[in-house]
Amino acid sequence: MNELTPPSFNPPSGAQVRAVHDAFHGDLLEVSMGPHHPSTHGVFRMMVTLDGETIVKLKPVFGYLHRNHEKLGENTTYLSSMPYTDRLDYLNSMTNNWAYALAVEKLAGQSVPERAEYLRVILAELTRLLNHTCLAGFLLQDCGASGTPLMYAFREREKILDLFEALSGSRMMCNYQRFGGCRVDPSPEWLTAAQSLTDGYGRFLDEYESLITQNEILMARTQGVGVLSPALAVSAGVTGPMLRATGVNYDLRKVDAYGFYPRFPFRVPLGDHGDTYDRYMIRILEMRESITILQQAFRTLPSGPIIDPKAKLRGFRPKPGEAYGRIEGPKGEIGFYLISDGSPNPYRYRVRPPSLVNLTILEDLCLGQTLADAVIILGSIDIVLGEVDR
Amino acid sequence: METLEHLRNRLAIAFPRSEVVIVNNPSPSAQHSLLISADHARVIARHLRDEADLQLDYCSNVTGIDWPEKEIIETIKPAQTDPAGGAALGTEQKIKRLQPGYLEVVYHLYSMALGHGPVILRLRTINRADRVELPSLTPVWRSCEFQEREIFDLFGVVFADHPDLRRILMWDEFKDHPMRKDYVEPDDYEWEPTPHGPVLAKAKVHYAALTPVAAAAPGTAPASGSAPAPMSAPGPIASPAGGPAIALPLAVETPPITKAPATAQSPTLNPAAPSAAPRP
Amino acid sequence: MEELYNWGRSHSVWPLQFGLACCAIEMIAASMAKFDIARFGSEVFRPSPRQADLLIVSGTVTKKMTPQVVRLWNQMPEPKYCIAMGACAISGGPFKQGYNVLKGIDRFIPVDIYIPGCPPRPEALLNGLMALQEKIRAQKLSGPDAPRHLRADDPCEYPVPGFGEHDLLPTKNPVLWQAPSIVRKE
């Protein structure tokens with residue numbers, strides 16, 4: 001090795017460390033965090049350049065879970081892609097399914113019966129509860145509260161997963177929505193169980209908040225950390241709770257008014273500072289709004305068919321054309337762009353992943369923060385690698 | 001928001017030298033798009049973002065599409081008709097022409113300030129081979145950054161003035177552009193119980209390369225019924241294409257195995273090393 | 001003596017905190033209060049491979065990730081075991097027709113237990129863990145069937161693949177895995 005190349009070595013645990021000489025900063029340390037690291041967000045890698053403990057440069061590297069979902073979409077029929085959409089954002093399969101079904105229904109011009117729309121709203125809001133609960137648990141684990149908040153979060157998650165399993169047959173990969181409606185009609189017992197779960201969820205949130213929200217350590221670690229300005233958020237295409245934490249009022253449930261959301265009045269919580277604490281609190285408040293929506297939906301659920309009688313599942317060939325359908329998933333705007341050429345397979349099948357676009361500003365948020373804060377900031381962005389890499 | 005025709009006319013007046021064409025979308029979604037020329041794309045994008053009544057400040061989705069070249073057969077009907085009402089004069093002509101292929105990038109724009117959208121922009125490259133440059137719209141909307149990198153990685157479109165154009169999903173040494181329609185996957189033969197379609201076609205190629213017993217009599221028992229292949233070094237190591245069949249011996253012998261090189265970076269395996277029977 | 005040694009080993013298998021994709025969430029759920037992997041001895045999921053006994057490969061292994069998986073496996077000290085959890089880790093799973101998907105982690109590292117499912121329920125993971133515990137308990141401490149760490153001639157480090165222009169180099173470890181040669185009858 002010549003003297004111009006700084007020495008490199010491979011320490012244990014797989015992190016590659018290199019000393020980099022920079023005229024302005026002196027000795028900088030380049031650390032590769034990941035793709036295997038204890039933060040539970042998946043196979044994500046950050047090439048971080050450190051000046052002491054402060055981050056000077058951060059480049060995210062992903063693709064470690066690239067499973068060529070879009071190419072598979074071109075090689076399978078429209079309906080066969082539905083189980084693959086479960087595996088995109090693998091925590092929230094119902095909302096992925098709905099986004100895809102919405103895009104195909106726009107492409108083919110299909111309508112959805114009333115009961116199915118109500119069911120979609122119910123399941124989407126249950127999924128939102130599930131996702132935000134998980135995020136609360138994982139964020140606290142990233143802060144260092146190793147295990148216990150996550151145990152509380154997963155205790156509630158298991159209850160919702162039991163509901164999903166009773167309805168669709170699978171805990172996580174539900175494959176439930178169809179083009180023109182839903183697959184299975186829930187029984188009255190299921191509706192009763194879901195209703196009692198929803199009514200009890202407020203008490204769980206109260207218990208959780210009494211332990212966590214006013215916690216000094218959480219507040220010290222997350223307030224003022226990773227501040228995102230509204231202008232940068234809009235330009236970077238950030239959507240979901242992360243955008244609303246900066247104060248921008250853009251919730252697709254209100255803007256696009258898809259499904260029957262206009263029938264359920266609810267509030268959209270907005271943040272003031274755009275820091276990690278706001279992002280965490282927005283999700284807690286959104287969970288409370290989801291409970292409101294769910295209670296209204298259960299009260300007014302009509303009876304009727306759950307799938308459009310004219311919907312053709314086998315031999316589905318939409319006319320040539322294209323459509324872009326999007327919904328407000330728990331992580332942000334999830335959209336599907338489909339181009340059809342009249343054949344049973346789509347010509348182009350594109351997923352617009354909220355996690356990927358939300359990651360655009362990761363470097364901006366982490367500059368000047370310490371390495372420990374980078375983990376918390378990443379946790380508050382709420383990414384899922386299945387979606388980032390597809 | 002105004003209609004697309006109105007928007008198109010506005011843009012044509014504001015940028016007279018650029019080409020703004022409406023691309024019709026025949027599906028019920030009625031999401032028609034604007035095809036704009038590459039050299040004025042960035043000024044048009046800035047105009048769309050900054051105009052007070054448009055304020056399309058949010059670029060939601062950037063998609064790459066591969067349109068390979070297509071053979072189009074046009075039928076030209078005879079021009080002259082018999083005024084007396086008889087048969088037409090002249091014959092029908094069928095002309096074949098090759099529509100050149102291109103790569104296309106589609107931008108879905110929305111407005112967070114005013115809540116309207118989508119306005120869909122399309123940019124096309126000149127061809128799929130060497131003239132694949134397009135201007136990057138990352139200086140206008142930051143959200144295009146990773147998505148344009150992905151299109152570069154998977155389709156091969158080179159975006160000019162992108163701040164950091166390199167592969168994002170595949171590893172850096174990868175050479176192909178996998179989402180193109182003419183991408184051929186590396187041959188990774190593995191036995192499948194019920195192959196059909198292109199998988200069966202690939203499998204049949206490998207069936208032919210198997211032991212002569214199997215190749216000569218396709219209806220006979222599989223090769224594993226024959227005597228186990230000798231496990232001597234260098235032995236029947238399967239080449240990456242599947243190679244000659246190796247019957248997995250049922251009785252496992254464990255010959256002494258030399259220790260594999262204990263370095264963290266040893267990418268190549270020496271195929272001449274003595275093979276070990278697979279562990280039970 | 002053997003029983004005591006194996007009993008101690010099998011009841012304190014410490015997994016590595018290693019989750020790739022959807023199966024990782026079920027693995028986390030298995031370690032949570034409802035399914036509780038801790039009562040099987042796998043209380044602590046170690047973040048460092050130097051302290052772990054068990055690599056649960058949960059989720060799709062892509063070709064980009066394969067060198068890191070093999071490197072982690074090499075860094076784990078013997079005795080070490082591997083569970084391939086989920087269809088993707090066994091053989092590529094639903095993403096088998098993928099240019100970036102490795103068709104099964106057993107192409108590069110030796111797998112002891114395969115747990116099918118997409119994703120397998122946490123109970124299935126516990127079942128697989130129990131099967132692994134039985135396997136450990138049944139291991140003889142001497143002779144040709146002894147586990148790897150008690151034999152001087154067995155490799156505990158496997159070659160790490162590199163990135164080629166179109167695929168990994170090499171695409172598999174021929175010592176560990178060869179494509180089965182059964183021909184489909186016409």
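Letters A, B, ... are given to chains in the order of the sequence lines, protein chains preceding strands, and every chain is numbered from 1.
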Does [X] reach the side chain of [Y], with side-chain heavy atoms less than 4.5 Å apart?
X      : Y      : result
A/T148 : A/L211 : no
C/F40  : C/L132 : no
C/F18  : C/I56  : no
A/D142 : A/R221 : no
C/L102 : C/F108 : yes
A/L58  : A/P60  : yes

Heavy-atom pair of closest approach, residues C/A29 and C/P122: CB-CG, 4.2 Å
Can you tell which part of [X] gets under 4.5 Å to a heavy atom of chain A, answering side chain, backbone, both or neither?
X      : value
C/R121 : side chain
C/F35  : side chain
C/S31  : backbone

A/K331-A/N131 side chain donor-acceptor pair, cut-off 3.5 Å: yes
Check: A/Y349/A/H69 side-chain N/O donor and acceptor closer than 3.5 Å: yes
Positions in residues 84-100 of chain A that reach chain C, provided some heavy atom is under 4.5 Å away: A/Y84, A/R87, A/Y90, A/L91
Positions in residues 378-390 of chain A that reach chain C, provided some heavy atom is under 4.5 Å away: none
Stepwise side chain to side chain contact (heavy atoms under 4.5 Å, CB included) test for A/R348 and A/E70: CA-CA 8 Å; A/R348 176 73 172 102; A/E70 298 185 355; 3.1 Å; yes
Salt bridge present between A/K159 and A/E156 (N-O < 4.0 angstrom): yes
Most chain A-contacting option - heavy-atom pairs closer than 4.5 Å, from C/L20, C/V101, C/T62: C/T62
Among C/P119, C/C23, C/P94, C/C118, side chain to side chain contact (heavy atoms under 4.5 Å, CB included) partner for C/C88: C/P94
Interatomic distance, C/D53 atom CG to C/E78 atom CD [nearest 0.5 angstrom]: 10.5 Å
Engaged part of A/R155 at the chain C interface, taking heavy atoms whose separation is under 4.5 Å: neither
Engaged part of A/F62 at the chain C interface, taking heavy atoms whose separation is under 4.5 Å: backbone
Greatest number of heavy atom pairs closer than 4.5 Å to chain C - which of A/R157, A/M172, A/M173: A/M172
